[in-house]
Protein chains: 2
Amino acid sequence: MDVENILRQSNLKITPQRKTILKVIAESDIILDSQEIYQESARLLPSINPSTVYRNLDILLQSGLICKINTQENSAKYRIREQGSHHHHIICKKCGTSIPLDFCPMEELDNKLEKIGFTPTEHRFEIFGYCQKCSK
Amino acid sequence: MDVENILRQSNLKITPQRKTILKVIAESDIILDSQEIYQESARLLPSINPSTVYRNLDILLQSGLICKINTQENSAKYRIREQGSHHHHIICKKCGTSIPLDFCPMEELDNKLEKIGFTPTEHRFEIFGYCQKCSK
DNA sequence: TCCTAATTGCAATATATTTGCATTTGCATT
DNA sequence: AATGCAAATGCAAATATATTGCAATTAGGA
């Protein structure tokens, strides 16, 4: 699906700026910070402004179209959030409910592992505890 | 062991500022950002300067005495790094080596889980792959 | 085509962090 | 104990990152 329809599905107004920003994030193989998103967007749409990028990153985040990733650097990074994409689970020990969690610790570890020469192939991450209902 | 000896062991010069900063981090139950570390240090040592805090955070990080934690907020957070403290493992599938990793994804998830009313009690995080030797 | 709320650009502001430089200080060595 | 010097500090300025107010523009439904 193209960015225009993705935005429409999320009930977001379609503007050239917003389309460009989402396109830049969606088509990147790597996670990008706001500067990089701005620069690449400006290449495609020179009139675009940094504030517009920041504001749209917030909106796209709210709408669940992108993810914010925490890294050791002091600028936030973003990537596209596709349905069915990689995620982990929070599991309730009482009722067994499995809540999907759209977060993967590997994203912020890749650099660190590369430095020590480790090539990760698989990983496992699960959280156990009590869900809202069961912890009452 | 007191902060003074910890610093000595790491071959770091002992200054009132450095001692105070490490003490503040070591005695906190929660992770702190640079502002909080500065404010609490300034309470104990009013003459201390923010640059000194930043510079020492870098040095303590280099020396492995503290850890930097990635969070959603746009300020970095820190905590003390004690030997034997909570950690996870990277495991080589060929030679079986288990490399300790001083990183826990839960630290940055606590807020998120609290928001959805989930009370975590346990978690599991393991990385599998090939270590430097075995990936050649 | 018209209307309105949402969006944008721009400049100003806020917040977080780094850096240059003169001064001070820890500490090894005399 | 006195000395020397690299390391550390304080301060101000610079840089990086992100947010906000406001007037002008624009998307998209009526």
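All figures in this text were calculated on a predicted structure; none of them were measured in a lab. Letters A, B, ... mirror the listed sequences (proteins, then strands); counts begin at 1.
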Review point. So, B:Glu27 side chain and B:Val24 main chain: donor-acceptor pair closer than 3.5 Å or not?
Key: no

Point to revise | Check: A:Thr20 side chain, A:Pro16 main-chain N or O, donor-acceptor pair, under 3.5 Å | key: yes

Practice item. Heavy atoms of chain B, cut-off under 4.0 Å: which first and last nucleotide of DNA chain D, 5' to 3', fall inside that, if you could look? Key: D:dA6 to D:dA18

Exercise for review: Between B:Ser34 and B:Lys13, just flag the one whose closest nucleotide in DNA chain C comes earlier from the 5' side.
Suggested key: B:Ser34

Point to revise | B:Arg55 CZ to C:dT25 C1', straight-line distance once rounded to whole Å | key: 14 Å

Exercise for review: Can you establish whether the number of heavy atoms outside A:Gln72 located under 6.0 Å from its atom CD is more than 12?
Suggested key: yes

Review point. Just checking A:Asn74: base, sugar-phosphate only, or nothing, at a heavy-atom cut-off of under 4.0 Å?
Key: sugar-phosphate

Point to revise | Between C1' of C:dT18 and CG of B:Asn49, the distance in whole Å | key: 12 Å

Review point. Do A:Arg79 and A:Glu107 sit within salt-bridge range, that is, some charged N less than 4.0 Å from a carboxylate O?
Key: yes

**Study point:** Whole angstrom value for the distance that separates C1' of C:dT18 from CG of B:Leu57
**Key:** 13 Å

Exercise for review: Check every strand shown and say whether A:Arg18 touches a base, only sugar-phosphate, or nothing at a heavy-atom separation below 4.0 Å.
Suggested key: sugar-phosphate

Check your understanding: Would a distance-only check, ignoring hydrogens and angles, find a side-chain to backbone donor-acceptor pair under 3.5 Å from B:Ser28 to B:Ile30?
Key -> yes

Study note, to complete from the structure: For DNA chain C, the dot-bracket notation using Watson-Crick and G-U wobble pairs below 3.5 Å, [ ] for pseudoknot-type crossings and | for other-strand pairs, is ||||||||||||||||||||||||||||||

Review point. Can you check whether A:Asn56 has a side-chain N or O nearer than 4.0 Å to OP1 or OP2 of C:dT8?
Key: yes

Check your understanding: Could you state the CD-P distance from A:Glu73 to C:dA16, rounded to the nearest angstrom?
Key -> 18 Å

Check your understanding: Contact class for A:Asp33 (heavy atom, under 4.0 Å): base, sugar-phosphate, or nothing?
Key -> nothing

Exercise for review: Could you tell me whether B:Glu114 and B:Lys112 have a side-chain N and a carboxylate O separated by less than 4.0 Å?
Suggested key: no

Review point. Can you find a pair of side-chain heavy atoms, one from A:Ile59 and one from A:Arg18, that are under 4.5 Å apart?
Key: yes

Check your understanding: Which listed nucleotide (C:dA16, C:dA11, C:dA6) is nearest to the side chain of A:Ser51?
Key -> C:dA11

Exercise for review: Examine the side chains of A:His88 and A:His123 and answer whether a donor and an acceptor come within less than 3.5 Å of each other.
Suggested key: yes

**Study point:** Phosphate OP1/OP2 of C:dT18 contacted by B:Tyr54 side-chain N/O (<4.0 Å)
**Key:** no

Review point. Tell me: CG of A:Asn11 to P of C:dA5, nearest whole Å?
Key: 18 Å

Point to revise | Check ion pair B:Glu122-A:Lys93 (N to O, under 4.0 angstrom) | key: yes

Practice item. Let me know, please, whether A:Ala76 or A:Pro16 comes out on the 5' side of the other along DNA chain D by nearest nucleotide. Key: A:Ala76

Practice item. Give the rounded distance in Å between these two atoms: CG of A:Leu60 and C1' of C:dT8. Key: 15 Å

